[in-house]
K.L.:
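Starting off with a structure, shown below.
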Amino acid sequence: VQLQASGGGLVQAGGSLRVSCAVSGRTPNRYAVSWFRQAPGKERDFVGGISRSGSSTDYADSVKGRFTISRDNAKNTVHLQMNSLKPEDTAVYYCAAKHTIPSVSDIYTDTNEYSHWGQGTQVTVSS
């Protein structure tokens, strides 16, 4: 499976931005997808994830109530809607995919669980 992230940019604090991840390959809908972010000099951290069916989501505490992840399986796309953005949200955002079976709705927050990564998209929030 291949992932292509898009939609990053520059926004003022308090603003909104949506980043998207296009998932392509033979069976894109068999993958749980998560977003991670990495700021300069810091580790890559989990932001939010969604199960293959879209029935289950999870978020990092730092973004709960502000970010929403969704997926359109007809278009093989996962979106991360980011509202009330803060300067500390500035980072390169990466989408990642993990193959799961239908009965699994767990969201994996460890980068080591994912073997498929997109190229990243820069999100910059100015104060």
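One is the number of the first residue; the rest follow in order along the sequence.
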K.L.:
Given the rule that I, L, V, M, F, W and Y join up when any side-chain heavy atoms are under 4.5 Å apart, are V11 and M82 in one cluster?
P.N.:
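They do share one cluster, since a chain of ILVMFWY contacts under 4.5 Å joins V11 to M82.
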K.L.:
Run Q4 and S6 through side-chain hydrogen bond (donor to acceptor under 3.5 Å, both in side chains) and show every step you take.
P.N.:
CA-CA 7 Å; Q4 179 74 39; S6 63; over 6 Å; no
K.L.:
What closest approach, in Å, do P87 and A13 show between heavy atoms, and which atom pair accounts for it?
P.N.:
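Where P87 meets A13 most closely, the heavy atoms are CD-CB, 4.1 Å.
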K.L.:
From I50 CD1 over to S34 OG, what is the distance, rounded to the nearest 0.5 angstrom?
P.N.:
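Rounded to the nearest 0.5 Å, the CD1-OG separation comes out at 9.5 Å.
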K.L.:
Please assess V92 against F36 for the test side chain to side chain contact (heavy atoms under 4.5 Å, CB included), listing each intermediate value before the final yes or no.
P.N.:
CA-CA 8 Å; V92 177; F36 292 79; over 6 Å; no
K.L.:
What distance do F67 atom CZ and S62 atom OG have between them, rounded to the nearest 0.5 Å?
P.N.:
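These two atoms lie 7.5 Å from each other.
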K.L.:
Sequence neighbours left out, what passes side chain to side chain contact (heavy atoms under 4.5 Å, CB included) with Q2? Give chain and number order.
P.N.:
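With sequence neighbours excluded, Q2 shows a side chain to side chain contact (heavy atoms under 4.5 Å, CB included) to S24, given in chain and number order.
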K.L.:
For G118 versus Y94, what's the shortest heavy-atom pair and its separation?
P.N.:
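Looking at all heavy atoms of both residues, the shortest contact is O-CD2, 3.7 Å.
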K.L.:
Got a donor-acceptor contact below 3.5 angstrom from the S55 side chain to the S53 backbone?
P.N.:
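No, S55 side chain to S53 backbone: no donor-acceptor pair under 3.5 Å.
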K.L.:
For D58, enumerate each residue passing the salt bridge (Lys or Arg N to Asp or Glu O under 4.0 Å) test, keeping only those at least two apart in sequence or located in another chain.
P.N.:
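Result, salt bridge (Lys or Arg N to Asp or Glu O under 4.0 Å) vs D58: none returned.
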K.L.:
Residues two or more places apart in sequence or in another chain: which of them pass salt bridge (Lys or Arg N to Asp or Glu O under 4.0 Å) with D110?
P.N.:
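For D110 there are no salt bridge (Lys or Arg N to Asp or Glu O under 4.0 Å) partners, ignoring immediate neighbours.
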K.L.:
Determine, stepwise, if the pair Y31 / H99 fulfils side chain to side chain contact (heavy atoms under 4.5 Å, CB included).
P.N.:
CA-CA 4 Å; Y31 289 78; H99 187 273; 3.6 Å; yes
K.L.:
Report yes or no: does Q38 contribute a side-chain atom to a donor-acceptor pair with the main-chain N or O of A91 at less than 3.5 Å?
P.N.:
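Here the side-chain-to-backbone pair does not exist.
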K.L.:
Kindly say whether I69 contributes a backbone atom to a donor-acceptor pair with the side chain of Y59 at under 3.5 angstrom?
P.N.:
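Flag set: sc Y59 to bb I69 pair under 3.5 Å.
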K.L.:
With the 4.5 Å side-chain cut-off for hydrophobic clustering, are Y114 and L3 part of the same group?
P.N.:
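No; tracing contacts between hydrophobic side chains, which count when under 4.5 Å, never links both residues.
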K.L.:
Going by the salt bridge (charged side-chain N to carboxylate O under 4.0 Å, His left out) test, which pairs reach into residues 10-35, not counting sequence neighbours?
P.N.:
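Sorted result for residues 10-35: empty, none.
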K.L.:
Please report the shortest heavy-atom distance between F46 and T109, naming the atom on each side.
P.N.:
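That closest heavy-atom pairing would be CB-O, 3.5 Å.
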K.L.:
May I have the step-by-step check of side chain to side chain contact (heavy atoms under 4.5 Å, CB included) for I107 and T57, ending in yes or no?
P.N.:
CA-CA 7 Å; I107 305 300; T57 59; 5.8 Å; no
K.L.:
Where do C21 and W35 land on the side chain to side chain contact (heavy atoms under 4.5 Å, CB included) test, with the steps shown first?
P.N.:
CA-CA 9 Å; C21 181; W35 286 93; 3.6 Å; yes
K.L.:
Of the non-hydrogen atoms in R71 and V78, which two are nearest, and what is the gap between them?
P.N.:
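The answer is CB-CG2, 3.8 Å.
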K.L.:
Determine which pairs satisfy salt bridge (charged side-chain N to carboxylate O under 4.0 Å, His left out) with at least one residue from residues 97-106, sequence neighbours left out, and list them in order.
P.N.:
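Matches after skipping sequence neighbours: K98-E113.
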K.L.:
Kindly give the heavy-atom pair with the smallest separation between G8 and T121, and that separation in Å.
P.N.:
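The answer is N-OG1, 3.1 Å.
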K.L.:
To the nearest 0.5 Å, how far apart are OG in S20 and CD in Q81?
P.N.:
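One gets 9.0 Å once the value is rounded to the nearest 0.5 Å.
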K.L.:
Working to the nearest 0.5 angstrom, can you tell me the gap between R52 CZ and I101 CD1?
P.N.:
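Nearest 0.5 Å value for the CZ-CD1 distance: 8.5 Å.
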K.L.:
Is there a path of hydrophobic side-chain contacts, each under 4.5 Å between heavy atoms, that joins V47 and Y108?
P.N.:
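V47 and Y108: separate clusters.
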K.L.:
Taking atom SG of C95 and atom NE2 of H79, what is their separation to the nearest 0.5 Å?
P.N.:
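Reported to 0.5 Å precision, the distance equals 11.5 Å.
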K.L.:
Write out all pairs satisfying salt bridge (charged side-chain N to carboxylate O under 4.0 Å, His left out) with one or both partners inside residues 37-46, taking only residues at least two apart or from two chains.
P.N.:
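Output for this query lists R37-D89.
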K.L.:
Hey, could you give me the OH/CG distance between Y93 and L17, rounded to the nearest 0.5 Å?
P.N.:
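Atom-to-atom, Y93:OH and L17:CG are 9.0 Å apart.
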K.L.:
Would you say the side-chain atoms of S51 pair up with the backbone N or O of S56, donor to acceptor, closer than 3.5 Å?
P.N.:
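Pair found, side chain donor or acceptor close to backbone of S56.
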K.L.:
Between A97 and V1, which heavy-atom pair has the shortest distance, and what is it?
P.N.:
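Looking at all heavy atoms of both residues, the shortest contact is CB-CG1, 4.5 Å.
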